[in-house]
Amino acid sequence: MAEKIVVVGAGQAGSQVVQSLRQKGFEGDLVLIGDEPHLPYQRPPLSKKFLKGEVSEETLYLRPKEFYEINKVELVSGDPVVRIDRAAKTVQLKSGNSVAYDKLVLTTGTKARDLPIEGASLEGVMSLRGIADVEALRPFVAPGKRAVIIGGGYIGLEVGSVARDLGLEVKIVELQDRLLKRVVSEDVAGFFHELHETRGVSFHYGVGVERIEGENKVEAVLLSDGTRLECDFVLAAVGAVPNDTLAAEAGLEVDDGIIVDGHGQTSDEDVWACGDCVRFFSQRYGRSIRLESVQNAIDQAKTVAASMMNETPDYDPLPWFWSDQYDVKLQIAGLSHGYEEAITVGSPASGSFYVAYLKDGKLVCVDSINHPRSHMMARRVMGQDWNEDLLPPA
């Protein structure tokens, strides 16, 4: 067994790797390296309760400081890894220090996709991926402030709902002709459009952003159709990209994510990876996938720890996700990519319904809106032939 394991990335996956290794009896040295000056923390509340100020930073921490001390995990915070030397088996930190390893785990997560437009670097143009982003955003989140959100995905909608609850004016710009076009049916998209619109959010569909205007700080967003949206701040919510540059520069195989096998092992037998930053082949879906979810980070981290302890797990999960907007909870089981039919069960007008997505007559995904029974059952019957009794009534 390796004497020293270094984990690069102190988020959900990284924290779970070190916990699982100790639980499985690993007695060697463990080092967990993060680029933020915080204990490892959970990210989903950032765009909701933490942004609202309803919870403190400490409540975000996955485990208290004492956990790392008791389990003899050396925690290096705020000093990111800038280079991996696979030949020497070291990682070099921004501070200039280097850390040797016998085995390495990459849990580097994702970063917000850049806005490649004029004015994107102005003061008041922000993204939301970490605690520092929320702290930068908070001064702008006040009653009467005007927000333009670029991107009608889950982060944009969640921040939009919080902003409206706090009394801000919110405009959402979406390049597609409806919300969440790549991931949900028209009924689900229509439901969330109406949900936000009835609470005062205005939408601009089918248009791009020409530029962001302002001298030193943002003043307006100019759309491709000539519309000018005056605002106090802009949130860029146009998706995330995997932090796989370190891996690529080290010569590991990457393709929109670090490529791993069913054990979480990379193209280097001494390097593993897990979480949002990785791509793996799913027998369940018959294709390569990359998942951005808490449950994937936890479960894949457990797989990696087991693999490093000479067990032989084969990771092929049923993905599931959630999103909270206002008083609505959306729960998603499976992946709807490539679906051929979407069946709505119940009435969107009631505020409680679900949509079953089918491919080749089999259930591949379910979106449950305020309908937890269908979500829980879907996770048990996913992949089965569809019939009207497969899931509960609305």
Side-chain angles (χ1 to χ4, degrees), residues 1-24 26-43 46 57-112 129-135 242-250 252 258 260 264 266 268 270-278 294 297-298 300-302 304-305 308-309:
M1 187 62 198
E3 294 181 349
K4 185 174 186 178
I5 296 176
V6 173
V7 182
V8 178
Q12 188 89 55
S15 181
Q16 185 64 54
V17 167
V18 298
Q19 178 184 5
S20 295
L21 283 169
R22 287 298 190 223
Q23 287 175 336
K24 288 183 173 294
F26 177 68
E27 297 179 350
D29 293 339
L30 267 180
V31 183
L32 179 60
I33 305 174
D35 59 354
E36 296 181 76
H38 310 284
L39 291 174
Y41 63 91
Q42 53 182 323
R43 296 184 187 275
L46 292 177
E57 178 180 319
E58 287 70 25
T59 63
L60 299 179
Y61 295 158
L62 293 165
R63 292 162 189 93
K65 184 179 180 181
E66 291 74 22
F67 164 84
Y68 303 98
E69 296 171 348
I70 292 170
N71 286 279
K72 297 180 180 179
V73 177
E74 181 184 348
L75 192 58
V76 179
S77 301
D79 196 1
V81 173
V82 296
R83 182 173 178 269
I84 300 168
D85 187 333
R86 290 165 53 204
K89 285 195 170 184
T90 61
V91 295
Q92 182 179 340
L93 309 183
K94 186 177 181 180
S95 63
N97 295 328
S98 65
V99 180
Y101 68 84
D102 294 304
K103 303 291 184 182
L104 181 67
V105 186
L106 302 178
T107 61
T108 46
T110 62
K111 61 182 178 181
R129 298 301 296 175
I131 287 176
D133 296 326
V134 177
E135 298 294 357
N243 286 318
D244 58 8
T245 302
L246 266 178
E249 290 176 347
L252 297 173
I258 305 167
V260 299
T266 71
D268 183 326
D270 292 323
V271 183
W272 282 257
C274 57
D276 294 6
C277 65
V278 310
V294 169
I298 293 172
Q300 197 170 36
K302 291 178 179 179
V304 163
M308 298 184 85
M309 295 297 288

> Side chains of Y68 and S15: do they bring a donor and an acceptor to under 3.5 Å?
Replying inline: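 S15 and Y68 do have a side-chain donor-acceptor pair below 3.5 Å.
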> So, D268 and T266: side-chain donor and acceptor under 3.5 Å apart, yes or no?
Replying inline: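 There is no such pair (donor and acceptor under 3.5 Å, judged by atom type) between the side chains of D268 and T266.
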Does the side chain of [Y] come within less than 4.5 Å of [X]'s, by heavy atoms?
{"X": "I5", "Y": "W272", "value": "no"}
{"X": "I131", "Y": "L46", "value": "yes"}
{"X": "I258", "Y": "C277", "value": "yes"}
{"X": "L252", "Y": "L106", "value": "yes"}
{"X": "V8", "Y": "T108", "value": "yes"}
{"X": "K4", "Y": "V31", "value": "yes"}
{"X": "N71", "Y": "V18", "value": "no"}
{"X": "D29", "Y": "E74", "value": "no"}

> Quick one: salt bridge (Lys or Arg N to Asp or Glu O under 4.0 Å) partners of K24, sequence neighbours excluded?
Replying inline: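 With neighbours one apart ignored, the set is E311.
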> Does a sphere of radius 6.0 Å around NZ in K89 hold more than 12 heavy atoms from other residues, nucleotides or ligands, not counting ones at 6.0 Å or beyond?
Replying inline: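 Yes, because the 6.0 Å sphere around NZ of K89 holds more than 12 heavy atoms from other groups.
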> Quick check: are there more than 12 heavy atoms from other residues, nucleotides or ligands sitting under 6.0 Å from CD of E27?
Replying inline: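 Incorrect, the count does not exceed 12.
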> Closest approach of I298 and Q16, non-hydrogen atoms and distance?
Replying inline: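 What the structure gives for the nearest pair is O-CG, 3.6 Å.
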>> Tell me which one of L39, L75, I70 satisfies side chain to side chain contact (heavy atoms under 4.5 Å, CB included) with K65.
In response: L39
> Pick one: which of E58, E36, Q12 meets side chain to side chain donor-acceptor pair (under 3.5 Å) with Y41?
Replying inline: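 Only one option passes, and that is E36.
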